[in-house]
Every structure is written in C-alpha cells, then in structure tokens.
Amino acid sequence: MAHLLIFGLGYTAKRIKAAMETQGWRVDATGSAGNLDFDDDFERVRATIDYSTHILSSVPPERVTGGDDVLMTYGATLQAASDASKWIGYLSSTGVYGDREGAWVDETTPTIAQNGEGRRNARAEADLAWLTLGARVFRLPGIYGPGRSALDRVREGKARRIDLPGQVFSRVHVDDIASGVVAALTGDAPAGAYNLGDDLPASGNEVTEHACRLLGVEPPPLETLEEANLSEMARGFYMENRRVANGKAKRVLGWQPRYPTYVEGLDSLF
C-alpha cells in the first residue's frame with residue numbers, strides 16, 4: 001500500500017491528506033491534528049520515514065532561528081530516504097523569488113538563496129535545501145480558501161486597499177494546491193520545483209473589490225503604506241511585486257487549476 005507521511009498537518013496539508021485517503025493511501029502526519037508527535041515520538045517518526053513510500057513537509061522555517069526543523073531533526077533519515085529513491089516533497093513559497101518589479105518568474109528564475117541577492121530569506125534557503133535533497137518543491141503564492149479569503153477579511157472589517165499602482169500578486173485556491181500535489185504524488189513527478197499559482201496575477205485591491213461586490217458593500221478606502229501602519233511582515237509583503245508562471249506544473253503534472261482566477265475562486269466561496 002502507498003503510504004504518505006506528512007510533516008505539519010495544517011490548512012493545506014489536511015486537504016492533501018483527505019484526497020490521498022480517498023484514493024486508498026495510508027497517511028500519517030505530525031502536528032496538532034496528526035497522529036505523530038514531532039518532538040516526543042522521535043523514534044516512531046524516524047521509523048515511519050523508513051517505511052513510508054512518500055514523504056511531504058509543509059513545515060515552514062522556524063521564525064526565530066530561520067532553520068528548517070524537519071531537516072534539522074530528521075535530515076539524516078530523510079537523506080537515506082532520498083538515497084533509496086523515495087518520493088519527497090516540500091511546500092515552499094513563491095516568496096523565494098524576491099521582488100521582481102512586476103516581471104514574470106518561472107522555475108528557471110534564480111531564487112534569493114541561489115543568486116545571493118536581496119534580503120536574507122529563510123524560506124529560500126529551506127527551498128534550496130529540499131531541492132538539494134531531491135524533493136519535489138511546490139512554490140505557493142498567496143493561499144486562500146474556505147475561511148481564509150478576501151470575503152472573510154471584508155466580513156470581519158479587516159480588508160485593506162493599499163495605493164500601490166502596478167503592484168500585483170499571484171494567488172492560489174487551497175484545493176488547487178491539493179490537486180497539484182496529488183498529481184505529483186500519483187504521477188511520480190520528477191524532482192524539482194513547481195509553481196502552483198492561478199492564471200491571473202492581480203492586485204490585492206482588485207480581489208478586495210470583487211469580494212465587496214459579492215457582499216454588496218462599499219470597498220475600504222485607499223491608503224498609502226504609511227497610513228496603513230502595517231506590521232513589518234505585512235509591509236514586506238507589499239514591497240514585493242511579481243507575476244508567477246504556472247506552465248511547468250501544467251505541462252509536467254498535467255495540472256489544471258479548478259479556479260483559474262480569483263473571480264472563480266471567490267464566486268465559489270461566496
């Protein structure tokens with residue numbers, strides 16, 4: 001039986017787990033919603049790595065140290081799994097590309113860790129480490145879905161519109177991430193990076209405005225970055241501008257997003 005071990009059973013990984021169990025796979029996972037304790041079940045986790053056929057990490061770098069806890073704790077066992085040609089995957093971020101001033105990026109675009117440019121990015125360094133291990137690295141833009149979308153931010157009074165002409169982001173519905181990873185798991189995708197984003201990079205303002213139209217409310221006022229008084233993390237997000245191409249995932253994985261733009265995605269959630 002195909003057996004998947006997931007490190008970090010969070011919002012996205014739960015959907016991957018459910019999809020694979022529907023196909024008859026056995027799935028074990030760490031995390032508060034999983035059946036394995038990452039820290040206290042060290043020997044059990046290591047044994048599970050040994051007898052799993054597929055391994056996927058969705059654990060981001062540690063916020064304080066910037067290190068990858070999965071690689072730091074189980075790196076030697078994962079290296080042995082890689083040497084044994086087991087399927088290994090990692091959920092990364094398109095933030096590894098840094099600011100591209102609105103230009104398109106694809107998997108051939110050097111990451112911050114590869115070219116040494118821009119601010120230090122722990123995610124880019126983790127991305128490179130997993131690639132070096134021989135993983136399938138799924139680079140994800142802004143993730144939205146049930147309970148986590150512009151609709152929810154508008155309803156909660158947390159939506160913002162920042163006045164940054166020309167600023168665009170890519171995004172992806174959580175179920176489209178799941179279908180892309182499932183395609184890679186079941187299709188024995190070759191190691192390497194895959195961008196899983198929708199077909200229409202757009203400004204955050206456009207998405208917020210569409211959510212407001214669906215809900216029949218007025219959009220929030222435009223603010224400058226200074227007026228918005230954003231957290232350092234949020235401000236850093238707005239300082240990056242890029243369009244993420246998804247052609248490789250479509251060609252190699254045979255993946256087609258069910259929600260090719262934010263319009264279909266928000267309409268489905270509404």
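This chain uses plain numbering: 1 for the first residue, then up along the sequence.
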Salt bridge or not between [X] and [Y]? Use side-chain N to carboxylate O under 4.0 Å.
| X | Y | answer |
| --- | --- | --- |
| D127 | R139 | yes |
| D68 | R123 | no |
| D28 | R26 | yes |
| R160 | E223 | yes |
| D99 | R242 | no |
| R46 | E43 | yes |

Taking all atoms of both residues into account, what is the closest heavy-atom pair of [X] and [Y], and its distance?
| X | Y | answer |
| --- | --- | --- |
| D152 | G147 | OD2-C, 3.2 Å |
| V70 | S57 | CG2-OG, 3.7 Å |
| R258 | P260 | O-CD, 3.3 Å |
| A113 | A124 | CB-O, 3.4 Å |
| L131 | G192 | CD2-C, 3.7 Å |
| G197 | P141 | CA-CG, 3.9 Å |

Any side-chain heavy atom of [X] sitting closer than 4.5 Å to one from [Y]?
| X | Y | value |
| --- | --- | --- |
| P257 | K250 | yes |
| L91 | L56 | yes |
| T48 | L36 | yes |
| R100 | N241 | no |
| L5 | H54 | no |
| R155 | L215 | yes |
| T30 | D37 | no |

Under 3.5 Å, side chain of [X] to main-chain N/O of [Y], donor-acceptor pair present?
| X | Y | result |
| --- | --- | --- |
| E21 | A18 | no |
| S58 | G8 | yes |
| R161 | E209 | no |
| Q114 | T111 | yes |
| Q79 | L133 | no |
| E156 | K158 | no |
| K86 | I49 | yes |

Let me check something: do [X] and [Y] share a hydrophobic cluster, defined by ILVMFWY side-chain heavy atoms less than 4.5 Å apart, either directly or through other members?
| X | Y | answer |
| --- | --- | --- |
| V27 | V182 | yes |
| I16 | Y194 | yes |
| F138 | I88 | no |
| Y144 | I177 | no |
| L214 | Y259 | yes |

From CA spacing to verdict: side-chain contact (heavy atoms from CB on, under 4.5 Å), H210, R213 = CA-CA 5 Å; H210 186 65; R213 282 193 293 272; 3.4 Å; yes
Rounded distance [0.5 Å steps], [atom1] in [X] versus [atom2] in [Y]:
| X | Y | atom1 | atom2 | value |
| --- | --- | --- | --- | --- |
| R243 | L200 | CZ | CG | 9.5 Å |
| L269 | R148 | CG | CZ | 13.0 Å |
| L222 | L164 | CG | CG | 9.5 Å |
| T261 | D267 | OG1 | CG | 8.0 Å |
| W87 | I55 | CH2 | CD1 | 9.5 Å |
| L128 | I112 | CG | CD1 | 12.0 Å |

I would like to know whether K248 and D106 meet salt bridge (charged side-chain N to carboxylate O under 4.0 Å, His left out); could you show each step before the answer?
-> CA-CA 8 Å; K248 179 182 176 182; D106 62 20; over 6 Å; no
In a check of side chain to side chain contact (heavy atoms under 4.5 Å, CB included) between L196 and each of V181, D176, V244, which one passes?
->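 Considering V181, D176, V244, a side chain to side chain contact (heavy atoms under 4.5 Å, CB included) with L196 is found only for V181.
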Side-chain donor-acceptor pair under 3.5 Å between T208 and N205, yes or no?
->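 No, no side-chain donor-acceptor pair sits under 3.5 Å.
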Does one side chain, of D198 or N246, offer a donor that lies under 3.5 Å from an acceptor on the other?
->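 N246 and D198 do not have a side-chain donor-acceptor pair below 3.5 Å.
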Y74 vs F42 aromatic rings, parallel, tilted or perpendicular, using cut-offs 30° and 60°?
->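 Answer is parallel, since the angle falls under 30°.
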Take the angle between the ring planes of Y90 and W130 and call it parallel below 30°, perpendicular above 60°, tilted in between.
->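 Aromatic pair Y90/W130 classed parallel.
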Any cation-pi pair here, R15 with Y11, using under 6.0 Å and within 45°?
->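 Here R15 passes the 6.0 Å and 45° test against Y11.
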Please step through side-chain contact (heavy atoms from CB on, under 4.5 Å) for the pair N121 and Y97, ending with a clear verdict.
-> CA-CA 10 Å; N121 188 316; Y97 295 116; over 6 Å; no
Going through the distances and angles, do L225 and I162 end up as a side-chain contact (heavy atoms from CB on, under 4.5 Å)?
-> CA-CA 6 Å; L225 270 177; I162 308 299; 3.9 Å; yes
Chi angles and distances behind the ring-ring contact (aromatic ring centres under 6.0 Å, His included) call for F169, Y262 = CA-CA 11 Å; F169 309 104; Y262 69 86; over 10 Å; no
Heavy atoms of other groups near Q23 CD, more than 12 under 6.0 Å |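 Result for CD/Q23: enclosed.
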Decide side chain to side chain donor-acceptor pair (under 3.5 Å) for W255 and S179; before the verdict, give the C-alpha distance in whole Å, the side-chain angles of both, and the deciding distance to 0.1 Å.
-> CA-CA 7 Å; W255 175 72; S179 68; 3.1 Å; yes
Stepwise side-chain contact (heavy atoms from CB on, under 4.5 Å) check, V96 with V137 | CA-CA 12 Å; V96 302; V137 172; over 6 Å; no
